[in-house]
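The structure appears below as structure tokens.
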Amino acid sequence: MAEKLKNILYIALARRADSVPVASFGKSAHVETVTKLLSSPAFSNKATPGKNIRLINNGTAIFLLSNQDNLAAIVVTADDYAERTVFGGLIPDVFEKFSKKNYKWQNCEANSLSKKFKSELK
């Protein structure tokens with residue numbers, strides 16, 4: 001999965017309210033890291049809408065941003081990937097494309113929209 005990804009290693013969209021990922025795509029090596037982040041008590045407390053969060057973890061950078069709908073985007077990149085590119089372009093673009101699809105993500109099962117949204121996440 002995601003053999004062509006170089007600097008952007010993993011992208012996930014999750015409900016902030018219950019920390020459930022609704023769509024994800026990327027290298028499977030990062031699934032555990034994102035799962036731990038989503039299950040941490042700090043996730044729902046610190047991932048407030050509009051607050052840019054960047055963490056460094058084992059040579060990667062993890063970016064987190066929630067929107068007003070309480071949908072959170074988590075992006076794992078190479079540790080030197082430009083923060084402005086992720087927060088200023090990539091995440092807003094993913095939110096916009098996801099919103100236009102009108103998915104019923106508020107109550108869906110974990111990762112149930114991954115296949116439907118895969119082409120946009122690629």
Side-chain angles (χ1 to χ4, degrees):
M1 173 163 98
E3 296 80 17
K4 294 182 182 180
L5 294 179
K6 292 183 180 167
N7 291 319
I8 300 172
L9 308 172
Y10 192 83
I11 301 175
L13 293 171
R15 289 191 299 260
R16 200 174 135 259
D18 60 3
S19 305
V20 171
V22 297
S24 62
F25 177 76
K27 296 183 178 182
S28 58
H30 302 288
V31 172
E32 184 178 345
T33 300
V34 172
T35 301
K36 283 182 183 178
L37 175 68
L38 290 172
S39 64
S40 73
F43 172 72
S44 59
N45 294 331
K46 296 193 185 261
T48 57
K51 182 178 179 184
N52 295 347
I53 298 172
R54 181 176 184 257
L55 308 166
I56 300 296
N57 180 46
N58 296 327
T60 62
I62 302 168
F63 298 88
L64 174 63
L65 179 65
S66 296
N67 66 14
Q68 295 299 328
D69 295 327
N70 283 315
L71 182 66
I74 301 97
V75 178
V76 180
T77 70
D79 63 354
D80 59 349
Y81 199 74
E83 190 170 331
R84 70 182 179 281
T85 302
V86 176
F87 290 127
L90 177 64
I91 291 177
D93 187 51
V94 169
F95 280 150
E96 181 182 340
K97 289 179 179 183
F98 192 79
S99 176
K100 286 181 179 179
K101 295 289 185 175
N102 292 316
Y103 294 130
K104 304 290 185 210
W105 60 271
Q106 294 86 348
N107 297 310
C108 71
E109 296 291 321
N111 285 308
S112 64
L113 300 175
S114 293
K115 286 184 182 180
K116 291 180 181 181
F117 199 59
K118 182 178 179 179
S119 64
E120 286 83 359
L121 291 175
K122 273 181 154 178

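Between Pro21 and Leu38, some side-chain heavy-atom pair lies under the 4.5 Å cut-off. Looking only at side-chain heavy atoms (C-beta outward), Val86 and Ile91 come within less than 4.5 Å of each other.
Considering CD of Gln68 and CZ of Phe95, their distance stands at 10.0 Å, rounded to 0.5 Å. Within the model, atoms CG of Leu9 and OG1 of Thr60 stand 7.0 Å from one another, a figure rounded to the nearest 0.5 Å. With rounding to the nearest 0.5 Å, the separation of CG in Leu55 from CG in Asp79 is 13.0 Å. Rounding to the nearest 0.5 angstrom, the gap separating the CZ atom in Arg54 from the CD1 atom in Ile62 is 10.5 Å. Taken from CG in Leu13 to OG in Ser114, the straight-line distance is 9.0 Å, to the nearest 0.5 Å. For the atom pair Phe63 CZ and Asn52 CG, the distance stands at 9.5 Å (nearest 0.5 Å).
Across all their heavy atoms, His30 and Tyr10 have their closest contact at CB-CB, 3.9 Å. Across Phe25 and Lys118, no two heavy atoms sit closer than the pair CE1-CE, 3.6 Å. Between Val94 and Phe117 the shortest heavy-atom distance is O-CZ, 3.8 Å. Across Ser66 and Ala72, no two heavy atoms sit closer than the pair OG-CB, 3.5 Å. Considering every non-hydrogen atom in both Leu113 and Trp105, the closest pair reads CD1-CB, 3.8 Å. Between Phe87 and Leu64, the closest heavy-atom pair is CE2-O, 3.6 Å.
A donor-acceptor pair under 3.5 Å is formed between the side chain of Arg16 and the backbone N or O of Ala47. For Arg15 (side chain) and Val22 (main-chain N/O), no donor-acceptor pair under 3.5 Å exists by modelled atom type. Ser24 places no side-chain N or O within 3.5 Å of a backbone atom of Ala12 that could act as its donor or acceptor partner. A donor-acceptor pair is defined here as one N or O able to donate and one able to accept, closer than 3.5 Å; no such pair exists between the side chain of Asp69 and the backbone of Leu71. In this structure a side-chain-to-backbone donor-acceptor pair under 3.5 Å is missing from Tyr103 to Cys108.
Partner of Glu120 under the salt bridge (Lys or Arg N to Asp or Glu O under 4.0 Å) criterion, out of Lys101, Lys97, Lys100: Lys101 alone. Tested against Thr33, the residues Asn57, Ile74, Val76 include a single side chain to side chain contact (heavy atoms under 4.5 Å, CB included) partner, Asn57.
Val31 and Val20 fall into different hydrophobic clusters, defined by Ile, Leu, Val, Met, Phe, Trp and Tyr side-chain heavy atoms under 4.5 Å apart, directly or through other members.
Enclosure of atom CG in Asn45 by more than 12 non-hydrogen atoms of other residues, nucleotides or ligands within 6.0 angstrom is indicated.
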